[in-house]
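Below: one structure, written as structure tokens.
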Amino acid sequence: MCFPHAGGAANFFRSWPDALGPRVDVVAVQYPGRHDRMGVPCEDTMAGAVTPIAHALAEPGDRPTVFFGHSMGAAIAFEVALELERGNGPAPREIVVSAREAPDSAHRRPEDFRTDEDIIAEVRRLGGVSAELIDNEDFRSFAMPALRGDFRLITGYRPDPARAVRAALTAYVGDRDPDLSEEDMRAWAKYTTGDFACRVFPGDHFYLAERPDEVLADLALRLVAERTSEVG
């Protein structure tokens, strides 16, 4: 299950089903306030985002699950896994957290993004959206409600640094991410009682869009390991 970044939508992962093949069911979360959920008010708190996702996953499945969350999505994936591990649904076997600092390292505050221009400047700095698109007024009017809600959510997120998941946890990061290093991502190790691994890819904050083949090849190996473990 894939969890998009701030301002992102499920279609960010649209190429993944073909790349990972028919034996892998790729499901992406569609946050409210975008695409086919445009009429649903955006969530701007972590609890508001996590609760409906965990509720939707409450029914037991017959296949092991891996969560992949990029940037804001990594924090949401981690919190959903914690909720499911409390007994509120089938928990994932592994969580891949991508381009997001560990819960005790969050440094952005709501006051850092008081205006739309503050948010746009951050989106421009991190990349992932072309300059031509982000300067388009029609795009801004379409995207800003979701971006405002997502930035309120992630800057207001106050995780409990004492909580850890039982699932295996893998951290991904680009070697040119403007905010994160491999050392930063390795700080996630204390947030699992299971196995931990870290992988560095060439690229910036959106390394997974720059080098999708490498990222998906690594994910495919992890998913094969999940299937092998399940059979065993």
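Remember, predicted model here, so these are calculated numbers, not experimental data.
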I want to check something: taking the side chain as every heavy atom from C-beta on, are [X] and [Y] in contact at a cut-off of under 4.5 Å?
| X | Y | value |
| --- | --- | --- |
| Phe67 | Phe78 | no |
| Ile119 | Thr115 | no |
| Asp150 | Leu147 | no |
| Asp184 | Ser105 | no |
| Arg124 | Asp135 | yes |
| Arg222 | Val66 | no |
| Glu83 | Val80 | no |

Check: Hey, are Glu210 and Arg176 close enough for a salt bridge, meaning a charged N less than 4.0 Å from a carboxylate O?
Finding: yes
Rounded to the nearest 0.5 Å, what separation is found between the [atom1] atom of [X] and the [atom2] atom of [Y]?
| X | Y | atom1 | atom2 | answer |
| --- | --- | --- | --- | --- |
| Asp204 | Leu180 | CG | CG | 11.5 Å |
| Glu85 | Arg163 | CD | CZ | 11.0 Å |
| Glu101 | Met185 | CD | CE | 8.5 Å |
| Asp177 | Arg100 | CG | CZ | 11.5 Å |
| Asp195 | Leu169 | CG | CG | 10.5 Å |
| Ser71 | His205 | OG | NE2 | 3.0 Å |

Note to self: Can you list everything that forms a side chain to side chain contact (heavy atoms under 4.5 Å, CB included) with Pro41? Sequence neighbours excluded, please.
What the structure shows: none
Checklist line | Phe142: partners by side chain to side chain contact (heavy atoms under 4.5 Å, CB included), with sequence neighbours left out | finding: Met38
Is the backbone N or O of [Y] less than 3.5 Å from a side-chain atom of [X], with the two atoms forming a donor-acceptor pair by type?
| X | Y | value |
| --- | --- | --- |
| Arg34 | Pro32 | yes |
| Ser141 | Asp138 | yes |
| Arg199 | Thr170 | no |
| Asn136 | Phe139 | yes |
| Glu214 | Phe201 | no |
| Tyr31 | Gly7 | no |
| Asp118 | Arg114 | yes |
| Gln30 | Ala10 | yes |
| Arg23 | Leu20 | no |
| Thr192 | Ala167 | yes |

Tell me the closest heavy-atom pair linking [X] and [Y], and the distance in Å.
| X | Y | result |
| --- | --- | --- |
| Phe151 | Glu122 | CE2-CG, 3.8 Å |
| Ala91 | Leu84 | CA-CB, 4.0 Å |
| Pro159 | Pro103 | CG-O, 3.3 Å |

Checklist line | Derivation of the side-chain contact (heavy atoms from CB on, under 4.5 Å) call for Tyr172 and Val215 | finding: CA-CA 9 Å; Tyr172 282 3; Val215 175; 4.1 Å; yes
Checklist line | Evaluation steps, side-chain contact (heavy atoms from CB on, under 4.5 Å), between Ile76 and His5 | finding: CA-CA 9 Å; Ile76 296 176; His5 54 282; over 6 Å; no
Note to self: As a quick check of understanding, evaluate side-chain contact (heavy atoms from CB on, under 4.5 Å) for Phe12 and Leu208, giving each step before the final call.
What the structure shows: CA-CA 10 Å; Phe12 184 75; Leu208 66 174; 3.7 Å; yes
Next item on the list: Kindly determine whether Ser98 and Tyr207 satisfy side-chain hydrogen bond (donor to acceptor under 3.5 Å, both in side chains), including the steps that lead there.
Entry: CA-CA 10 Å; Ser98 166; Tyr207 68 90; 2.6 Å; yes
Next item on the list: Could you please spell out the steps behind the salt bridge (charged side-chain N to carboxylate O under 4.0 Å, His left out) verdict for Arg186 and Glu183?
Entry: CA-CA 5 Å; Arg186 287 191 176 278; Glu183 182 180 359; over 6 Å; no
Margin query: For a salt bridge (charged side-chain N to carboxylate O under 4.0 Å, His left out) check, start with the C-alpha distance between Arg211 and Asp175, then their side-chain angles and the critical distance, and finish with the verdict.
Written below: CA-CA 12 Å; Arg211 308 292 282 263; Asp175 62 2; over 6 Å; no
Notebook entry, point to check: When clusters are formed by joining ILVMFWY residues with side-chain heavy atoms under 4.5 Å apart, either directly or through shared neighbours, do Val40 and Met144 land in the same one?
Noted result: no
Notebook entry, point to check: Should Lys190 and Asp104 be marked as a salt bridge (charged side-chain N to carboxylate O under 4.0 Å, His left out) after you check the CA-CA gap, both sets of side-chain angles, and the distance that decides it?
Noted result: CA-CA 10 Å; Lys190 59 179 171 289; Asp104 62 346; 3.4 Å; yes
Notebook entry, point to check: What do you reckon, are the aromatic ring centroids of Phe3 and His70 less than 6.0 Å apart?
Noted result: no
Checklist line | salt bridge (charged side-chain N to carboxylate O under 4.0 Å, His left out) between Arg140 and Glu117, intermediate numbers included | finding: CA-CA 11 Å; Arg140 288 200 189 192; Glu117 287 307 316; 2.9 Å; yes
